[in-house]
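Read through the structure below, which is laid out as C-alpha cells, and then see the notes.
It should be emphasised that the depicted structure is a prediction, and the values quoted were computed from it without experimental measurement. Along the sequence shown, the residues carry numbers beginning at 1.
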Amino acid sequence: MTAWMIRAGRGGARAAEWLEAGKVGIGWDFGGTDISAMTRDEMKAAYAEANGETSGSKVGSAAGQAYRFAHDMAEGTTVVMYDPSTRLYHAGEVAGPCVAAAGEGVTYERAVHWRNEAPRDRLSAASRNSLGSIMTIFQVGPDVMADLARAWASGAVTTGAADGTPEEEADEARYATFDDGIERIKDRVLALGWDEMEELTAGLLRSMGYHARVMPTGPDGGRDVVASPDALGLESPRIVAEVKHRRGAVGAPAIRSFIGGLCAADRGLYVSTGGFTREARYEADRSNVPVRLLDLDGFVRLYVESYEKADEGTRALLPLVRIWWPA
C-alpha cells in the first residue's frame, strides 16, 4: 500500500481546516495552470514564469514536491497528516484529482476521506523520527504505516524519496526541522510530573519578566501559580495561573469555575497539556476578565521563544540545545 505524508502548512496550521473540509493542499504557485496534465519540466517552466524565479534550485524543489502531489498521490492511495494541536496523525484515502484551489495560501487541493487517527505517543521513536522528515510531501515506509495501524487499532478513534539537494530545500528544511523539534520538546513536557509542570509554568513567567511562585499544595481555588511585576506581589496586573497536566481536553465548566475565582484586576492563565474544547475557548473569549488559554503546542512554542531568558532551575527541568542553520 502506497502512503504519503503531507504537512498541513507551517506548524500544522491548516490541519483542522483540512480535516473538516475533507481535503489536503499545497501552496506553490504555478499560475493557476493544470499541473495534473504537466510533466515535471513543464511544471518547472510554469513555476518560474509565475514567480519570476531565476534560481534553478528553488524552481526544481517546488516542481518536484508539486509533481508528487499532482501525480504520485493518486486517487485511492493513503495520505497521512499531523495535527500538532491534538498530537494526532490522521490517515485517509485520496478521493479526488488535483484541482486549483480558491482558498488563500492554498493553490491546489485534493479531496480526502479521513479514516483513522493515531496519537503520536503510541508510535515508536523510530516512526516519530521518520515522520519528522524535512520534506513537505514524502512517501511513508511500510514499517511506519504498520506502526500507525497498530496505534489506531489499539484504541484511537475512527473518524469515518527527495528531488532536490539540501540547498534546494533549505527554506522548507528550516521550518520542518523546527516543527519536528517542537514535537520532540512536547514529548519531554508530557514526561514531566504535575509538580514539575507547575514549576515550569512559573519559570516561563519568570523568563518573561514576572516574579512568579508556585502556590502550596492544597485547595488552591484555581491558583497553582501566581505572578506579578514586583517581588512583593503588590503591583498589577497580577497573573493567576491554573495548570492541568493530564490527558483529556479541559471543558467549559472548568474554565467558568476558574474565571469565577478571579478578581477584576487579575489576568488569568490556564495551562492544559491536554488541550481545550471549543466550548472552553468560547468561555475564555467571552470573559470580562482577560484570560489566556495555553495548550501544549502554545506552551512549548512560548517556552522556546523565552528559553534564553530562563533561570537555571527552569532550564534544568527542560533543557534545550540551539541548532544553528546557515543563512
Is a side-chain donor or acceptor of T33 paired with a backbone partner of I35 at a separation under 3.5 angstrom?
no
Any donor-acceptor pair under 3.5 Å from H90 side chain to W114 backbone:
no
Hey, quick one: are Y47 and I137 part of the same hydrophobic cluster, counting side-chain heavy atoms closer than 4.5 Å, chains of contacts allowed?
yes
How far apart are the closest heavy atoms of P237 and R267, and which atoms are they?
CB-CG, 3.7 Å
Contact between F299 and T273 at the side-chain level, heavy atoms closer than 4.5 Å - yes or no?
no
If you define the side chain from C-beta out and look only at heavy atoms, does anything of L318 sit under 4.5 Å from E196?
no
Quick one: salt bridge (Lys or Arg N to Asp or Glu O under 4.0 Å) partners of R188, sequence neighbours excluded?
none
Checking the side chain of R128 only, and the main-chain atoms of L123 only, is there a donor and an acceptor separated by less than 3.5 Å?
yes
Indicate yes or no for a side-chain donor-acceptor contact from R122 to the backbone of W152 under 3.5 Å, with no hydrogens or angles considered.
no
Cluster check L200, L302: I/L/V/M/F/W/Y, side chain < 4.5 angstrom:
yes
Looking only at heavy atoms, what is the nearest atom pair of L131 and F138, with distance?
O-CZ, 3.7 Å
Could you state whether W194 and V189 fall into the same hydrophobic cluster, counting links through intermediate Ile, Leu, Val, Met, Phe, Trp or Tyr residues with side-chain heavy atoms under 4.5 angstrom apart?
no
Between the OG1 atom in T78 and the CE atom in M73, the distance rounded to the nearest 0.5 Å is 10.0 Å
Calculate, to the nearest 0.5 Å, the distance between atoms OH and CD belonging to Y270 and E242 respectively.
4.5 Å
Can you list everything that forms a salt bridge (Lys or Arg N to Asp or Glu O under 4.0 Å) with R281? Sequence neighbours excluded, please.
D295
Can you give me every donor-acceptor pair (side chain of residues 15-27, partner residue at least two apart or in another chain, under 3.5 Å) with its distance?
residue : atom : partner : partner atom : Å
E17     : OE1  : R14     : NH1          : 3.4
K23     : NZ   : E109    : OE1          : 3.4

Salt bridge (Lys or Arg N to Asp or Glu O under 4.0 Å) with E308: which residues, sequence neighbours excluded?
R322
Does a side-chain heavy-atom distance below 4.5 Å link V226 with I239?
no
In this structure, would M38 and W28 fall into the same cluster of hydrophobic residues linked by side-chain contacts under 4.5 Å?
yes
So how far is it from F30 CZ to T107 OG1, rounded to the nearest 0.5 Å?
7.5 Å
Filter on ring pair (Phe, Tyr, Trp, His ring centres under 6.0 Å), then keep only pairs touching residues 61-87, sequence neighbours left out; what's left?
Y67-H71, Y82-Y89
Can you tell me how far CZ of F258 sits from CG of D224, rounded to the nearest 0.5 angstrom?
9.0 Å
Not counting sequence neighbours, which residues clear salt bridge (Lys or Arg N to Asp or Glu O under 4.0 Å) with D230? List them please.
none
Sub-4.5 Å side-chain heavy-atom contact between D41 and K44
yes
To the nearest 0.5 Å, how far apart are CZ in R315 and CD in E312?
8.0 Å
So L320 and Y303, do their side chains get closer than 4.5 Å, heavy atoms only?
yes
Residues passing the side chain to side chain contact (heavy atoms under 4.5 Å, CB included) test with R278, sequence neighbours excluded, are none
dist R10:CZ -> T136:OG1 (nearest 0.5 Å) comes out at 9.0 Å
Counting C-beta onward and ignoring hydrogens, is there a side-chain heavy-atom pair between I255 and L293 closer than 4.5 Å?
yes
Can you give each donor-acceptor pair under 3.5 Å made by side-chain atoms of residues 201-211, sequence neighbours left out, with the distance rounded to 0.1 Å?
residue : atom : partner : partner atom : Å
T201    : OG1  : M197    : O            : 2.9
R206    : NE   : D311    : OD2          : 2.9
R206    : NH1  : A212    : O            : 3.1
S207    : OG   : L204    : O            : 2.6

Counting neighbours of CZ on R301 that are heavy atoms of other residues, nucleotides or ligands and sit closer than 6.0 Å, is the number greater than 12?
yes
Check E42 against T39 and note the closest heavy-atom contact, atom names and distance.
OE1-N, 2.8 Å
All side chain to side chain donor-acceptor pair (under 3.5 Å) counterparts of D195, not counting sequence neighbours
none
Do V99 and V94 belong to the same hydrophobic cluster, where Ile, Leu, Val, Met, Phe, Trp and Tyr are linked whenever their side-chain heavy atoms lie under 4.5 Å apart, directly or via other members?
no
Pairwise side-chain contact, E198 with M215, heavy-atom cut-off 4.5 Å (strictly under):
no
Return each pair, listed once, that meets salt bridge (charged side-chain N to carboxylate O under 4.0 Å, His left out) where at least one residue sits in residues 79-91; pairs must be two or more places apart or across chains.
R87-E183, R87-D187
Heavy-atom closest pair, residues V304 and I182
CG2-CD1, 3.9 Å
Please report the shortest heavy-atom distance between I259 and A284, naming the atom on each side.
CD1-CA, 4.3 Å
Backbone N/O of G96 and side chain of R110: donor-acceptor pair under 3.5 Å
yes
Applying side chain to side chain donor-acceptor pair (under 3.5 Å) to Y108 and not counting sequence neighbours gives none
Using the salt bridge (charged side-chain N to carboxylate O under 4.0 Å, His left out) rule, collect all pairs that involve residues 91-100, keeping only residues at least two apart or in two chains.
none
For residues S127 and L148, determine if any side-chain heavy atom of one lies less than 4.5 Å from a side-chain heavy atom of the other.
no
What pair of heavy atoms forms the shortest contact from L262 to G268, and how long is it?
CD1-CA, 3.9 Å
Tell me if a side-chain donor or acceptor on S272 pairs with a main-chain N or O of G275 at a distance below 3.5 Å.
yes
